[in-house]
Amino acid sequence: MEFRKFTIDDIDIVQSYLDLDGAFMAERNFVGLFLWCDHYKVKMCIEDDCLYMCSDRSDEYFMVFPPFARGDFRKAFVKLIEYARTKNEYILVNSVSETQKEKLIELFGEDAFEFEENRGAMDYIYSSEDLMWLRGKKFSAKRNHVNKFLGAYGDDWSFEEMDPESHRDDVINFQIAWGTSRGETDTADSAETFSIKKALDNFDRLGLKGGILRVNGKMIGFTIGKKVSDQVFGVMYEKADISYEGAYAMINQQFAQHNFEGVPYVNREEDLGIEGLRKAKLSYNPVQLTKKYLVKVDPDKIK
């Protein structure tokens with residue numbers, strides 16, 4: 001098997017394989033894989049009408065992703081584990097969906113695996129209508145935040161569509177300032193900043209949409225996402241200056257109203273086990289948390 005780096009030209013073929021699973025997961029979106037593949041050292045291989053992915057980021061184990069096969073899934077998984085075993089006897093399968101978990105157990109038996117449900121990696125799925133209009137008692141606090149913002153800044157605020165060329169420097173500078181304000185010392189060179197630069201450099205090819213929130217002409221927030229399918233819009237980045245009360249609630253709703261019409265669900269990705277981020281994501285009342293499994297494989301039982 002010949003694994004290689006992702007390129008922007010892989011977008012259509014890779015997405016066509018990822019769509020075979022159907023799970024509402026960030027890892028089923030080419031954009032996320034492409035933007036973060038350098039940091040996580042994820043590589044791809046297409047053979048026998050199947051997409052394989054792996055990562056050799058760690059010396060302690062070899063990580064693979066479940067194969068996305070149009071043909072024989074069992075054959076593809078056996079082939080992948082045989083390859084992984086040449087790299088390390090300790091093999092992990094990352095980002096396994098509920099459907100894929102059931103398939104692995106059905107084909108190889110539960111004894112071949114150790115499944116770990118990763119709460120911090122679960123994706124938060126929301127109703128687009130909820131995020132656009134914040135209706136009902138459960139969103140009263142969010143409406144209050146929006147109203148406080150409107151009351152404080154009146155006609156002095158604006159929301160505009162992001163232009164990856166003219167807004168590039170402002171977005172990167174805001175990202176660095178945002179990280180610095182949180183006590184980070186290396187935001188300029190961080191993996192996230194690198195991924196944002198990569199997103200801006202490939203904005204149109206990736207089909208991205210972005211928004212910028214301003215007060216008196218000053219950028220106080222930005223967000224970037226993509227319509228992944230007819231069913232789901234993915235939000236990948238959202239940053240705001242918390243010294244402007246209600247800024248997060250405002251940019252969240254504005255981006256929703258400008259982009260989510262006709263798409264029933266929104267994936268705002270995981271909370272990484274960060275308590276504050278989890279609280280913020282739960283406060284928007286997700287309709288689903290997409291389960292993901294990290295799976296340890298006993299290669300002797302994969303035949």
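One-based numbering along the sequence shown. What you see is a predicted model, and the numbers here were worked out from it, not measured in a lab.
- Looking at residues two or more places apart in sequence or on another chain, you find a side chain to side chain contact (heavy atoms under 4.5 Å, CB included) between Asn88 and Phe62, Tyr90.
- For residues 158-174, the side-chain hydrogen bond (donor to acceptor under 3.5 Å, both in side chains) pairs, not counting sequence neighbours, are Glu160-His167, Glu160-Arg214, Asp163-Ser166, Arg168-Asp201.
- Within the 6.0 Å centre-distance limit, the rings of Tyr153 and Tyr244 are counted as a close aromatic pair.
- Residues Leu35 and Ser195 approach most closely at O-CB, 3.5 Å, considering heavy atoms.
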Exercise for review: Tell me, with the steps shown, if Lys75 and Asp48 meet salt bridge (Lys or Arg N to Asp or Glu O under 4.0 Å).
Suggested key: CA-CA 10 Å; Lys75 182 179 178 181; Asp48 303 323; 5.9 Å; no
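- By the 4.5 Å heavy-atom criterion applied to side chains, Glu270 and Lys281 are not counted as neighbours.
- Applying the ring-ring contact (aromatic ring centres under 6.0 Å, His included) test to Tyr237 and every residue at least two apart in sequence or in another chain returns nothing.
- Scored by the salt bridge (charged side-chain N to carboxylate O under 4.0 Å, His left out) test, Glu238 finds Arg268 as partners (sequence neighbours excluded).
- For CD of Glu47, the number of neighbouring non-hydrogen atoms (other residues, nucleotides, ligands) closer than 6.0 Å is greater than 12.
- The 12-atom threshold is exceeded at CG of Asp300, counting heavy atoms of other residues, nucleotides or ligands nearer than 6.0 Å.
- With respect to the salt-bridge test (charged N to carboxylate O, under 4.0 angstrom), the residues Lys292 and Asp123 qualify.
- In this structure, the side chain to side chain contact (heavy atoms under 4.5 Å, CB included) partners of Lys103, at least two apart in sequence or on a different chain, are Phe73, Leu107.
- In terms of heavy-atom proximity, Ala26 sits nearest to Asn267 at N-ND2, 3.6 Å.
- Scanning for salt bridge (charged side-chain N to carboxylate O under 4.0 Å, His left out) contacts around Glu129 gives Arg135, with sequence neighbours left out.
- Of all the heavy atoms in Lys226 and Gly207, the pair that sits closest is CG-O, 3.6 Å.
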### Task
Carefully, step by step, assess Tyr293 and Phe113 under the rule ring pair (Phe, Tyr, Trp, His ring centres under 6.0 Å).
CA-CA 11 Å; Tyr293 297 92; Phe113 309 101; over 10 Å; no
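- Here the straight-line distance linking atom CG of Asn144 with atom CZ of Phe149 works out to 15.5 Å at 0.5 Å rounding.
- Checked against the 6.0 Å centroid criterion, the rings of Tyr248 and Tyr284 do not qualify as a close aromatic pair.
- Ser128 places a side-chain N or O within donor-acceptor distance of the main-chain N or O of Val263, the cut-off being under 3.5 Å.
- Not counting sequence neighbours, the partners of Glu192 by the salt bridge (charged side-chain N to carboxylate O under 4.0 Å, His left out) test are Lys239.
- Under the 4.5 Å side-chain heavy-atom criterion for ILVMFWY residues, a single connected hydrophobic cluster contains both Phe203 and Ile196.
- Residue pairs meeting the side-chain hydrogen bond (donor to acceptor under 3.5 Å, both in side chains) criterion with at least one member in residues 107-120, sequence neighbours excluded, are Arg119-Tyr124, Arg119-Asp271.
- By the side chain to side chain contact (heavy atoms under 4.5 Å, CB included) test, Asp59 is found to be paired with no residue, residues two or more places apart in sequence or in another chain being considered.
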Donor-acceptor contacts under 3.5 Å from residues 10-23 side chains, at least two apart:
unit_1: Asp10; atom_1: OD1; unit_2: Arg4; atom_2: NH2; d: 2.8
unit_1: Asp10; atom_1: OD2; unit_2: Arg4; atom_2: NH1; d: 2.9
unit_1: Asp10; atom_1: OD2; unit_2: Thr7; atom_2: N; d: 2.8
unit_1: Asp10; atom_1: OD2; unit_2: Thr7; atom_2: OG1; d: 3.2
unit_1: Gln15; atom_1: OE1; unit_2: Phe30; atom_2: N; d: 2.8
unit_1: Gln15; atom_1: NE2; unit_2: Asp19; atom_2: OD1; d: 2.9
unit_1: Gln15; atom_1: NE2; unit_2: Arg28; atom_2: O; d: 3.0
unit_1: Ser16; atom_1: OG; unit_2: Ile13; atom_2: O; d: 2.6
unit_1: Ser16; atom_1: OG; unit_2: Arg70; atom_2: NH2; d: 2.9
unit_1: Tyr17; atom_1: OH; unit_2: Asp49; atom_2: OD1; d: 2.7
unit_1: Tyr17; atom_1: OH; unit_2: Arg70; atom_2: NH1; d: 3.1
unit_1: Asp21; atom_1: OD1; unit_2: Ser97; atom_2: OG; d: 3.1
unit_1: Asp21; atom_1: OD2; unit_2: Arg28; atom_2: NE; d: 2.9
unit_1: Asp21; atom_1: OD2; unit_2: Arg28; atom_2: NH2; d: 3.4
unit_1: Asp21; atom_1: OD2; unit_2: Ser97; atom_2: OG; d: 3.2

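- Using a 4.5 Å heavy-atom cutoff, the side chains of Trp178 and Thr187 are not in contact.
- Scored by the side chain to side chain donor-acceptor pair (under 3.5 Å) test, Thr193 finds Gln175, Ser190 as partners (sequence neighbours excluded).
- A heavy-atom distance below 4.5 Å is found between the side chains of Asp230 and Lys227.
- Annotation: the span from Ile212 atom CD1 to Ile220 atom CD1 amounts to 11.5 Å, rounded to 0.5 Å.
- In this structure a side-chain-to-backbone donor-acceptor pair under 3.5 Å is missing from Asn29 to Gly234.
- Note: Ile274 CD1 to Arg278 CZ = 10.0 Å, rounded to the nearest 0.5 Å.
- Counting all heavy atoms, side chain and backbone alike, Glu27 lies closest to Ser95 at CG-OG, 3.2 Å.
- Between the side chain of Ser55 and the backbone N or O of Met63 there is no donor-acceptor pair closer than 3.5 Å.
- Residues meeting the side chain to side chain contact (heavy atoms under 4.5 Å, CB included) test with Phe194, sequence neighbours left out: Asp38, Lys198.
- For Phe34 and Phe6, the ring centers sit 6.0 Å or farther from each other.
- Relative ring orientation between Phe233 and Phe260 is described as tilted, the plane-to-plane angle lying within the 30° to 60° band.
- Checking side-chain atoms of Arg74 against main-chain N and O of Lys303 turns up a donor-acceptor pair under 3.5 Å.
- The aromatic ring centroids of Tyr83 and Tyr52 lie 6.0 Å or more from each other.
- Listed here is the closest heavy atom pair of Met236 and Leu208: SD-CD2, 4.1 Å.
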